[in-house]
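The block underneath contains the structure these notes are about, expressed in structure tokens.
Whatever order the structure lists them in is the order used to number ligands and atoms, beginning at 1. None of the values given here were measured: they were computed from a predicted structure.
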Amino acid sequence: MANHDSASDSQTTRPAIPRLAILGTGNIGRALACGLVASGRYAASDVILTRRNVDRLADLADQGFTVLDDNRQATRQASTVVVAVEPLQLNGVLREIREDLDPEVHVVLSVVSGASIAAMQAQIDKAIPVARAMPNTAVALRQSMTCLAARPGDDRALGRAREVFDQVGMTVAIDEEKMVPATALCACGLAFFLRSVRAASQGGIEIGFHPEDALTMAAQTALGAAALVLDRGRHPEREIDAVTTPRGCTIAGLNEMEHQGFSSAMIKGIVTSAIKADSLYTRDD
Ligand SMILES: NC(=O)c1ccc[n+]([C@@H]2O[C@H](COP(=O)([O-])OP(=O)(O)OC[C@H]3O[C@@H](n4cnc5c(N)ncnc54)[C@H](OP(=O)(O)O)[C@@H]3O)[C@@H](O)[C@H]2O)c1
């Protein structure tokens, strides 16, 4: 397959067959598909989506995606194969497609929690480049924090992973051993921050705002806080210092939250998620 190297080639020399297959189009697969098209780098017709209950992809078929219930056919039509099934379904899918994988053509990218590159390559049993990616569902809005890992020196796998996931947010390459912690911090983490936004909005309702207003105000405030950290590159505590006047209302609220275990709850939740993420995949199925 041709390389997909410039933003403009997707508009001018799009190949006749789709080039990226997502096997297992559930929550994350669907979000990724939408984000890739939103990037402008991929047309819907460049992306093949599979799941067994293919009827549930009818809306995506209407948008121009190719939808199939056949992983092998999807693999044969693509050069990049993103595997996005649940961990316990992974081995079966890899064994199903291995005959169709061509080392000259394919790169496999897995978003599956806990499954190592070595374990996946053992299932494929061929010299196919494999990389892992840990995105979150904000890929749909091109705002994911996605951690990537490949075997040391496997530039083809890492390069392909970057080519895909750079379109849908920020990426960082990490050692593979850190992929489980990355799952907890970045993939599960999205839910943790969403729950924080919900909690803030509930507080807002109690002090007088209508629910819709409270939610918008809480979410935009969270967005502003994240932007202060990311855009200025400063530690959160420095930004907190800028809004806490002595004997003021901010420090009073913050200290009350800490007395109730706010930071401790977040830390313990992330550690618990990391432990759980480490045990989701087994090679013995
Ligand atoms: N959700 C997240 O935020 C997130 C973030 C990062 C990574 N992940 C990882 O991504 C994977 C999927 O998570 P998810 O939340 O998207 O789960 P999900 O919504 O359950 O999606 C999994 C999909 O795989 C399909 N599937 C199952 N067996 C299949 C097969 N043999 N061939 C083709 N499709 C098959 C299922 O549809 P059918 O039953 O119709 O086949 C389902 O739609 C997990 O390994 C998870 O750890 C998820």
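Residues Leu101 and Thr75 are in side-chain contact: their nearest non-hydrogen atoms beyond the backbone lie under 4.5 Å apart. The side-chain heavy atoms of Phe193 and Met266, taken from C-beta on, include a pair separated by under 4.5 Å. In this structure the side chain of Thr25 never reaches within 4.5 angstrom of the side chain of Phe65, judged on heavy atoms. Inter-residue side-chain proximity for Thr66 and Gln73 is flagged as unmet; no heavy-atom pair is nearer than 4.5 Å.
The single protein non-hydrogen atom nearest to atom 3 (O) of ligand 1 is Thr137 CG2, 3.5 Å, given as residue, atom name and distance. Residue, atom and distance of the protein heavy atom nearest to atom 25 (C) of ligand 1 are Gly24 CA, 3.7 Å. Considering only non-hydrogen protein atoms, atom 37 (O) of ligand 1 sits nearest to Arg51 NE, 3.2 Å. Residue, atom and distance of the protein heavy atom nearest to atom 47 (O) of ligand 1 are Ser113 OG, 2.6 Å. Taking atom 32 (N) of ligand 1 as the reference point, the nearest protein heavy-atom neighbour is Asn71 ND2, 2.9 Å. Looking only at protein heavy atoms, the nearest one to atom 21 (O) of ligand 1 is Gly26 CA, 3.2 Å. Atom 7 (C) of ligand 1 has its closest protein heavy atom at Val111 O, 3.2 Å.
In summary, the atoms of ligand 1 found under 4.0 Å from a heavy atom of Val112, numbered by their order in the structure, are 45 (O). With ligand atoms numbered from 1 in the order given, ligand 1 contributes 6 (C), 7 (C) to contacts under 4.0 Å with heavy atoms of Met134. Contact atoms of ligand 1 toward Gln89: 27 (C), 28 (N) (distance under 4.0 Å to a heavy atom of the residue). When each atom of ligand 1 is checked for a heavy atom of Thr50 under 4.0 Å away, the hits are 33 (C).
Neither the backbone nor the side chain of Val54 comes within 4.0 Å of ligand 1, counting heavy atoms alone. At a heavy-atom distance under 4.0 Å, only backbone atoms of Ala84 (N, CA, C or O) approach ligand 1.
With atom 10 (O) of ligand 1 as the reference point, the heavy atom nearest to it among Val93, Thr25, Thr146, Ile28 is part of Ile28. Within the set Glu86, Arg132, Arg30, Arg52, the minimum heavy-atom distance to atom 41 (O) of ligand 1 is found for Arg52. With distances taken over non-hydrogen atoms, the option nearest atom 26 (N) of ligand 1 out of Asp69, Val85, Val83 is Val85.
Considering both main-chain and side-chain atoms, Asn27 comes within under 3.5 Å of ligand 1 through a nitrogen or oxygen pair.
Here the CG atom belonging to Leu68 is positioned 15.5 Å from the CZ atom belonging to Arg52, to the nearest 0.5 angstrom. Between the CG atom in Leu194 and the CG atom in Asn136 there is a gap of 9.0 Å [rounded to 0.5 Å].
The 12-atom threshold is not exceeded at NZ of Lys268, counting heavy atoms of other residues, nucleotides or ligands nearer than 6.0 Å.
Contact annotation: Pro135 has at least one heavy atom less than 4.0 Å from an atom of ligand 1.
Checked by atom type, the side-chain pair Gln260/Glu256 shows a donor-acceptor distance below 3.5 Å.
A salt bridge is absent between Asp70 and Arg76: the closest approach of a Lys/Arg side-chain nitrogen to an acidic carboxylate oxygen does not fall below 4.0 angstrom.
Using modelled atom types, no side-chain atom of Arg51 and backbone atom of Gly26 make a donor-acceptor pair closer than 3.5 Å.
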* Can you list the steps and then say if Arg234 with Asp241 is a salt bridge (Lys or Arg N to Asp or Glu O under 4.0 Å)? -> CA-CA 12 Å; Arg234 287 205 207 146; Asp241 283 347; over 6 Å; no

